[in-house]
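Note: hydrogens, waters and symmetry copies are ignored here, and every other heavy atom, side chains too, is used. The first residue of the sequence shown is numbered 1, and numbering continues consecutively from there. Counting convention: from 1, in listed order, for ligands and their atoms alike. Nothing here was measured: the structure is a model prediction, and the numbers come from that model.
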Amino acid sequence: MMETMNEIEIVPSLLSVDFSCLRESINKIPSEINILHLDIMDGHFVNNITFGPFIVKQIRKLTDKMLDTHLMIENPEKYIDKFIEAGVDYLSFHYETTDNPKSLIDSIKKQDVKAGIVINPDTNVNVLTPYLEYVDYILIMSVYPGFAGQSFIKDSLDKISFLKEERKERKYKIEIDGGINDKTASMALNAGADWLVTGSYLFSHSSIKDAIKGLLNGK
Ligand code: DX5
Ligand code: ZN
């Protein structure tokens, strides 16, 4: 099983790269980046459609970096095996999409993949409490899921602080996704985030390396 030991990870979201030259886009991502974020949208849970396991499998062939796959789909239980077969290392599903988060976490972990739960901006962080001892990571949405390039929702910082407090006896990583740029990154890191997902900020920058420096500056 692939797993990161680094404390802080910048996790580029491929939603903002040019898929017509995916290989080149991925090759431009510097070696200091260990994890790539894949946004899976079904047109039901969110108002956008991206790609499924078939494309994830192709991406798997293009990189040795770990793949963090963020499912924004209804009925995640129907599809997790397909994404695992496609070669993901980290797999997260939305709390809002299932009645039985614990059984999903178990099925993911049983297959030697790291399991995460995601919550939307309008979901109370307390709903996660029963699952904190089982998950490998929590993903806090700091925008409404569906699109890259939206503005950061500051309320998400309180959720990060709560999870950091709760973690004292537990081991999960805290990931944040949406609207992360050189200004919001330091707020997220100071609140306790371990992994920063970043799409439009990172890939619209003329130098990815400089953009990463910008993200880590405030720390
Ligand atoms: C939004 C996705 C994000 C998105 C982030 O639904 O989950 O991963 O790609 O993009 P930025 O960094 O542009 O907010
Ligand atoms: Zn995402």
Side-chain angles (χ1 to χ4, degrees), residues 8-19 22 25-26 29 33-53 55-56 59 65-74 76 79-80 83 86 88-97 108 114-123 135-157 159-160 173-189 193-206 208 210-212 214-216 218:
I8 305 293
E9 294 279 4
I10 303 297
V11 185
S13 161
L14 295 192
L15 198 57
S16 294
V17 306
D18 184 349
F19 265 65
L22 193 54
S25 306
I26 288 179
I29 299 173
I33 296 294
N34 300 309
I35 313 175
L36 302 178
H37 185 85
L38 307 181
D39 287 303
I40 312 299
M41 306 184 187
D42 68 350
H44 291 276
F45 179 63
V46 291
N47 290 323
N48 199 1
I49 300 177
T50 56
F51 52 87
I55 298 290
V56 173
I59 296 173
K65 296 186 193 299
M66 287 175 266
L67 299 178
D68 165 34
T69 300
H70 172 194
L71 298 181
M72 286 162 272
I73 63 173
E74 287 178 2
Y79 299 101
I80 55 169
F83 284 97
V88 305
D89 303 282
Y90 289 82
L91 186 58
S92 66
F93 59 88
H94 270 260
Y95 172 82
E96 299 85 3
T97 59
I108 296 170
K114 297 287 181 188
I117 308 190
V118 196
I119 57 168
N120 274 341
D122 291 340
T123 301
V135 284
D136 296 301
Y137 64 115
I138 296 288
L139 172 50
I140 296 294
M141 289 310 296
S142 41
V143 298
Y144 289 93
F147 298 91
Q150 305 178 73
S151 307
F152 186 77
I153 298 172
K154 284 208 176 100
D155 291 354
S156 57
L157 295 172
K159 297 181 182 178
I160 303 279
K173 295 285 184 188
I174 306 170
E175 182 175 31
I176 187 163
D177 182 9
I180 295 292
N181 56 37
D182 51 355
K183 297 185 182 63
T184 55
S186 57
M187 297 183 221
L189 290 172
D194 305 299
W195 300 351
L196 307 179
V197 176
T198 166
S200 49
Y201 164 77
L202 192 79
F203 291 107
S204 65
H205 211 285
S206 52
I208 295 184
D210 287 348
I212 295 169
L215 291 172
L216 297 173

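Distance alone, capped at 3.5 Å, places no donor-acceptor pair between the Asn120 side chain and the Asp122 backbone.
Looking at His70, its N, O or S atom nearest to the Zn ion (ligand 2) turns out to be ND1. Take the N/O/S atoms of Asp177: the one nearest the Zn ion (ligand 2) is OD2. The atom of Asp39 that is an N, O or S and sits closest to the Zn ion (ligand 2) is OD1.
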Starting from the N and O atoms of ligand 1, find every protein N or O within less than 3.5 Å and list the pair with its distance.
from: ligand 1; atom 1: 6 (O); to: Gly146; atom 2: N; distance (Å): 2.8
from: ligand 1; atom 1: 7 (O); to: Asp39; atom 2: OD1; distance (Å): 2.9
from: ligand 1; atom 1: 7 (O); to: His70; atom 2: ND1; distance (Å): 3.3
from: ligand 1; atom 1: 7 (O); to: Asp177; atom 2: OD2; distance (Å): 2.9
from: ligand 1; atom 1: 8 (O); to: His37; atom 2: NE2; distance (Å): 3.4
from: ligand 1; atom 1: 8 (O); to: Asp39; atom 2: OD1; distance (Å): 3.1
from: ligand 1; atom 1: 8 (O); to: Asp39; atom 2: OD2; distance (Å): 2.8
from: ligand 1; atom 1: 8 (O); to: Asp177; atom 2: OD1; distance (Å): 2.7
from: ligand 1; atom 1: 8 (O); to: Asp177; atom 2: OD2; distance (Å): 3.0
from: ligand 1; atom 1: 9 (O); to: Ser13; atom 2: OG; distance (Å): 2.9
from: ligand 1; atom 1: 9 (O); to: Asp39; atom 2: OD2; distance (Å): 3.1
from: ligand 1; atom 1: 12 (O); to: Gly199; atom 2: N; distance (Å): 2.8
from: ligand 1; atom 1: 13 (O); to: Gly149; atom 2: N; distance (Å): 2.8
from: ligand 1; atom 1: 13 (O); to: Ser200; atom 2: N; distance (Å): 3.0
from: ligand 1; atom 1: 13 (O); to: Ser200; atom 2: OG; distance (Å): 2.5
from: ligand 1; atom 1: 14 (O); to: Gly179; atom 2: N; distance (Å): 2.8

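With 3.5 Å as the limit, one finds a donor-acceptor pair spanning the side chains of Ser13 and Asp39. Under the 3.5 Å distance criterion, with hydrogens and angles disregarded, no donor-acceptor pair is assigned to the side chains of His70 and Asp68.
Residue Asn47 places its CG atom among 12 or fewer non-hydrogen atoms of other residues, nucleotides or ligands, all under 6.0 Å distant.
For Phe147, there are no ring pair (Phe, Tyr, Trp, His ring centres under 6.0 Å) partners, not counting sequence neighbours.
For the atom pair Phe19 CZ and Phe51 CZ, the distance stands at 4.0 Å (nearest 0.5 Å). Atom CD1 of Ile208 sits about 10.0 Å away from atom OG of Ser206, to the nearest 0.5 Å.
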